[in-house]
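Below: one structure, written as structure tokens.
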Amino acid sequence: AHPQPPAASTFPLPYEDDFNHSVPGSLPRYFADQAGSLEITPSGQAAQVVWGNPGPLSWQRNFDPFTTIGDASWANVTASVEVLFPPVADDDTGTYVGGGAGSSEARFRRRLQLQDPPDENATSVQYATICTRSDGPKDGNDAMAARWPYWRGYCATLTEKGELSLSAGSNRPNLPHQPPLVAPQQLEGFDRTRPVRLSMHSHGSTHRAEATQQQVGGANTGGEGIGGGAAVVVVATNGSFARGLIGVGSGYHPISFDHFQVGRTHEM
């Protein structure tokens, strides 16, 4: 026995999820993985837990881990997510930098591979991305498939070095066939051991990528805050992608996401 299912409706806006109400080990609610796999961690984040590229598919090249959420009709939306890169081992001590050595999250992270495998999708720099108007990869039988082997949309991408870029048509940075639309910007005072809010805004033909990070004692740590760094990239395009889902992705490396938000934009 079960109750009558609710009537169909559009995906709600605004929408947010801090992942604290999901069971550890489960998939994030309403997200649909396209490659890789997001999993709720013991500390209530959504982490990329596939760390080895499975290799090319039989009908086309594989694309990097990517998950989607929302409504395919969305055009004028702003989406953001808090990104945390994995800790790195100190060359001298072998200990991890950041993350709280005794926490379950730290133990969770110690199991992770820290490098992409050496295959056709390998990326030398770890990154995180959030995309608007995502409409999926080209069909593998399409003549354009060689040019669009990755998930498409307007994407804000932040590397582990704190470099922010805005691209159209790819969720990966520095692809030869899909370079950034404008020169990347460096996030001032970037600290990879602490969270960064990565945002992508699309309104009409204007698109804005933004990365912000609070200084120690700021909002991300529950303190009063003493300012923080920011990087912004804005472009006007010909509207190659008219509408689509929100996408969140990374390379085949451990990275976690938190405090996801999406809402409608206003004129920029």
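Using a 4.5 Å heavy-atom threshold, the side chains of Leu245 and Ile69 count as separate. In this structure, Cys131 and Phe66 have side chains that are in contact, with non-hydrogen atoms separated by less than 4.5 Å. Looking at Asp64 and Tyr127, their side chains come closer than 4.5 Å, going by heavy atoms from C-beta outward. Contact check for Arg264 versus Thr78: no side-chain heavy atoms found under the 4.5 Å cut-off. The shortest side-chain heavy-atom distance between Pro184 and Leu164 does not fall under the 4.5 Å cut-off.
A ring-centre distance under 6.0 Å is found for Tyr30 and Phe11.
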Item to complete: Show your reasoning for whether side-chain contact (heavy atoms from CB on, under 4.5 Å) applies to Arg243 and Trp74.
Response: CA-CA 5 Å; Arg243 59 188 58 84; Trp74 285 351; 5.9 Å; no
Fill in: Check against side-chain contact (heavy atoms from CB on, under 4.5 Å), Thr206 and Val234
CA-CA 7 Å; Thr206 303; Val234 180; 4.0 Å; yes
Discussion item. Run Gln213 and Glu188 through side-chain contact (heavy atoms from CB on, under 4.5 Å) and show every step you take.
Written reply: CA-CA 9 Å; Gln213 185 175 52; Glu188 180 183 357; over 6 Å; no
Item to complete: Decide side chain to side chain donor-acceptor pair (under 3.5 Å) for Thr67 and Asp33; before the verdict, give the C-alpha distance in whole Å, the side-chain angles of both, and the deciding distance to 0.1 Å.
Response: CA-CA 4 Å; Thr67 188; Asp33 291 343; 2.9 Å; yes
Worksheet item: Is there a side-chain contact (heavy atoms from CB on, under 4.5 Å) between Ile255 and Leu84 once you walk through the steps?
Response: CA-CA 6 Å; Ile255 194 166; Leu84 181 63; 6.0 Å; no
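Minimum heavy-atom separation, Gly249 to Phe257: O-CZ, 3.6 Å. Scanning both residues, Phe19 and Gly44, for their nearest heavy atoms gives CB-O, 3.6 Å. Scanning both residues, Pro65 and Gly251, for their nearest heavy atoms gives CG-O, 3.6 Å. Smallest separation of non-hydrogen atoms from Ala211 and Leu198: CB-CD1, 4.4 Å. When every heavy atom of Phe190 is checked against every heavy atom of Leu158, the shortest pair comes out as CE1-CD2, 4.5 Å. Taking both residues in full, the closest heavy atoms of Val81 and Asp258 are given as CG2-O, 3.5 Å, listed atom of the first, atom of the second, then distance.
Remark: the backbone N or O of Lys161 is paired with a side-chain donor or acceptor of Gln186 at under 3.5 angstrom. Side-chain atoms of Thr129 never come within 3.5 Å of backbone atoms of Ser250 as a donor-acceptor pair (strictly under, hydrogens ignored).
Atom NE2 of His21 is separated from atom CD1 of Ile40 by 11.5 Å, given to the nearest 0.5 angstrom. To the nearest 0.5 Å, the span separating NE2 on His253 from CD on Gln126 amounts to 5.0 Å.
Exactly one of Met200, His259, Glu16, Gln261 qualifies for a side chain to side chain contact (heavy atoms under 4.5 Å, CB included) with Ser80. That residue is Gln261.
Phe260 meets the ring-ring contact (aromatic ring centres under 6.0 Å, His included) test with Phe31; sequence neighbours excluded. In this structure, the side chain to side chain contact (heavy atoms under 4.5 Å, CB included) partners of Asn76, at least two apart in sequence or on a different chain, are Arg133, His203, Thr265. Contacts of Glu210 classified as side chain to side chain contact (heavy atoms under 4.5 Å, CB included), with partners at least two apart in sequence or in another chain: Ser199, His201, Arg208, Thr212, Val232.
Residues Leu27 and Ile246 are members of separate hydrophobic clusters, defined by side-chain heavy-atom contacts under 4.5 angstrom among Ile, Leu, Val, Met, Phe, Trp and Tyr.
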